[in-house]
2 protein chains.
Amino acid sequence: MSDVARLAGVNRVTASVALNGSSRAGTRVSDATRLRVIEAAKELGYTPNAIALALRGQRTNIIGYYSGYEFLDAHDPFNATILNGLQRRCQMHRQDLLIFGSYQRNSVEEVYASLVNGKIDGLILLPTPHSPVLDELLQSHLPVIAVANPVPNIASVTVDDITGSRLLAEYLAQKKHQRILYRADPGEHTSTTRRLEAFLEAAASFDMDVQVSRGEKNGRLRAEEIDILRTPQELRPTVIVSWVDSHAYMLLEELRELNIRVPDDIAVVGFDGIRLTPRPFCALTSIRAPWNEVAETAVDLLMMLIDGEKVEQETMLPVELAIGDTA
Amino acid sequence: MSDVARLAGVNRVTASVALNGSSRAGTRVSDATRLRVIEAAKELGYTPNAIALALRGQRTNIIGYYSGYEFLDAHDPFNATILNGLQRRCQMHRQDLLIFGSYQRNSVEEVYASLVNGKIDGLILLPTPHSPVLDELLQSHLPVIAVANPVPNIASVTVDDITGSRLLAEYLAQKKHQRILYRADPGEHTSTTRRLEAFLEAAASFDMDVQVSRGEKNGRLRAEEIDILRTPQELRPTVIVSWVDSHAYMLLEELRELNIRVPDDIAVVGFDGIRLTPRPFCALTSIRAPWNEVAETAVDLLMMLIDGEKVEQETMLPVELAIGDTA
DNA sequence: TTGAAAGCGCTAACAC
DNA sequence: GTGTTAGCGCTTTCAA
């Protein structure tokens with residue numbers, strides 16, 4: 001920029017003012033000077049240095065996305081949907097998006113330091129239960145929005161898990177299901193916990209029998225679950241509810257291997273409702289949650305926080321029942 | 001940091017040296033002082049400011065990923081695989097990853113400016129054909145590694161498209177296919193162009209008949225292609241080669257709607273070989289390309305470029321034939 | 001072993 | 001309408 005100023009025959013700061021038009025202060029430049037400066041900038045291929053700007057203005061125009069302690073697998077449809085939403089909205093707000101992926105091997109201090117070191121203006125967080133970083137973030141002044149899981153004292157964007165579970169229970173009741181196997185989230189996320197509780201409550205109101213099974217992280221059937229599926233038809237569950245679609249799809253594959261037909265022998269439902277491409281081998285009955293909008297809303301709210309505005313503690317988006325071939 | 005120094009009763013720079021141990025210069029601190037400084041830093045919860053560091057050191061430890069002019073759809077298995085690879089490797093090199101997504105509405109100058117404004121130390125680029133940003137990037141001093149598509153004068157990491165096409169042609173010849181419909185990339189990427197050319201050459205050497213069709217961007221069948229599929233069985237192609245798996249999967253769905261059975265009525269093969277979860281409705285015969293390693297290698301090479309080392313113009317990774325149910 | 005000076009690139013506030 | 005000063009947080013070079 002010194003070069004630009006020199007070429008235009010003016011002072012550095014005059015050039016600065018001429019270029020970015022922030023003429024709010026007493027500082028003004030004549031049109032002639034401005035034109036000369038712009039000309040010079042173009043000739044020299046001048047590009048403002050974002051880092052200097054960031055240091056000066058205490059703002060980088062980068063927002064971060066941190067997906068808890070797990071590796072951020074873009075193949076996971078949920079993650080992909082969130083990423084897409086974040087991307088779109090960031091572009092709209094002219095922010096860059098910085099991905100903090102897996103930090104398995106780093107200490108909490110290191111992770112925390114990497115989040116508050118000034119690189120990002122704010123953080124979108126996919127909270128994991130009991131994450132120690134959460135406590136530290138609460139102390140910091142970094143603007144944070146949580147997605148999917150509500151967190152005390154952090155503003156969050158979530159979906160209406162409770163209505164979702166009720167819709168599911170109603171649908172299953174209407175289909176005359178009596179015995180249900182609910183495969184619950186092995187991790188204890190706040191959203192999936194309330195999802196489970198709401199389902200149990202709704203199912204009770206319909207006099208349905210629910211057996212809860214907390215499975216493996218990888219979603220595969222455990223021996224106990226296989227035993228349940230092998231009990232005589234008139235005793236075993238007539239439907240399996242999966243806390244999340246991805247595990248439901250894995251379940252469908254395992255059922256096929258066990259020669260259990262869906263939905264004839266047993267029905268299967270999920271929760272997520274993300275449309276997949278290429279289309280999987282069957283259409284899962286599920287609750288459709290608008291993860292895309294969750295991500296977009298999260299960015300909007302984060303921008304408000306960054307700009308010093310207040311936001312709601314929890315913004316909950318509506319869900320709907322999506323009927324497929326499996327129940 | 002001033003605060004830390006004050007609390008420890010030393011000068012700012014003494015504190016700096018004490019903390020980051022870069023005691024290479026004549027500057028040294030006694031263990032006692034260092035201990036006192038570290039203590040003070042811990043007490044104050046001091047975190048070094050990455051932006052100041054970046055301004056000082058002309059290095060942000062952020063690398064960028066820019067996927068050409070298209071929206072970076074994380075649902076696309078290719079994109080997801082690349083993202084995963086980048087993430088993993090970035091973490092290993094202790095770099096942050098900045099995603100530049102869609103820039104549909106921005107001018108070339110704006111995109112270029114956002115790439116060279118100093119936020120990133122280097123760029124991983126998924127090149128689109130004739131992208132004007134390419135020319136500008138060549139002029140700049142920003143280290144760049146291209147992935148998937150070779151680009152003149154930019155180091156790239158690619159897969160062996162030519163061997164892949166030959167493997168495919170050989171396999172089809174061995175399966176006694178004579179008439180082939182090759183659905184080519186509607187965009188003219190350097191990789192898919194050589195993929196097509198190699199296939200034509202190999203097919204010719206096996207005396208196979210190849211009809212080339214350049215389809216829609218969205219991968220759906222055009223009217224002409226449907227006409228071809230409606231010609232009598234003894235005249236129409238016995239196999240369709242798709243330039244990429246994702247379009248092959250869409251094709252399979254369309255064929256099902258047209259009541260054309262695969263592979264009985266017509267065989268289908270693709271190119272990519274990305275393993276999908278949940279599993280799609282059928283296993284596609286394809287060429288398995290190691291996109292994961294492509295991304296990882298790209299990061300490795302980019303780090304070398306950033307550190308001032310030279311790298312190969314093109315690094316080509318091997319592919320293999322993956323036989324599925326469709327051919 | 002420690003401190004002082006200079007500067008990374010930029011701009012808000014003021015004085016001319 | 002234009003130039004000067006100061007400082008964002010940090011580190012490398014040199015002098016004490």
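Sequence lines set the chain letters: A, B, ... in the order given, protein chains first and strands last, and positions in each chain run from 1.
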* Asked: Distance-only, no hydrogens or angles: does the K310(A) side chain make a donor-acceptor pair with backbone N or O of L305(A) under 3.5 Å?
  -> no

* Asked: Within this structure, what is the CZ-to-P distance between R12(B) and dA5(C), rounded to whole angstrom?
  -> 12 Å

* Quick one: L35(B) CG to dT2(C) P, roughly how many Å, whole number? -> 13 Å

* To do: Find the distance L19(A):CG to dT2(D):P and express it as a whole number of Å.
  => 14 Å

* Give a yes or no on whether the backbone of S2(A) and the side-chain of R12(A) come within a donor-acceptor separation of less than 3.5 Å. => no

* Asked: Between dA12(C) atom C1' and Q58(A) atom CD, what is the distance in whole Å?
  -> 13 Å

* Among the nucleotides dC10(D), dC10(C), dA5(C), which one has an atom lying closest to any side-chain atom of N49(B)? -> dC10(D)

* To do: For L55(B) and dG7(C), give me the distance from atom CG to atom C1', rounded to whole Å.
  => 9 Å

* To do: Return the 5'-most residue of the pair T47(A), R36(B) with respect to DNA chain C, ranking by each residue's nearest nucleotide.
  => R36(B)

* Are N11(B) and dA4(C) close enough that a side-chain N or O sits under 4.0 Å from OP1 or OP2? -> yes

* Picking from dC10(C), dG3(D), dC10(D), which would you name as closest to the side chain of T14(A)? -> dG3(D)

* Asked: CZ of R59(B) versus C1' of dT12(D): gap in Å, rounded?
  -> 17 Å

* Please answer whether the main-chain N or O of A155(B) pairs with a side-chain N or O of E312(B) as donor and acceptor at a distance below 3.5 Å. => no

* **Rounded interatomic separation in angstrom, taking NZ from K119(B) and C1' from dC10(C)** => 15 Å

* Hey, does L53(B) reach any base, or is it just sugar-phosphate, or nothing, if we go heavy atoms under 4.0 Å? -> sugar-phosphate

* So what does T33(A) touch, heavy atoms closer than 4.0 Å: a base, only the sugar-phosphate, or nothing? -> sugar-phosphate

* Send over the distance from R56(A) CZ to dC8(C) C1', rounded to a whole Å. => 14 Å

Do any side-chain atoms of residues 41-55 of chain A form donor-acceptor pairs under 3.5 angstrom with protein atoms, and if so which ones, sequence neighbours left out?
| unit_1 | atom_1 | unit_2 | atom_2 | d |
| --- | --- | --- | --- | --- |
| N49(A) | OD1 | I51(A) | N | 2.7 |
| N49(A) | OD1 | A52(A) | N | 2.9 |

* Ignoring hydrogens and geometry, is there a side-chain-to-backbone donor-acceptor pair from N79(B) to D73(B) under 3.5 Å? -> yes

* Asked: Does a nitrogen or oxygen in the side chain of S16(A) sit under 4.0 Å from OP1 or OP2 of dT11(C)?
  -> yes

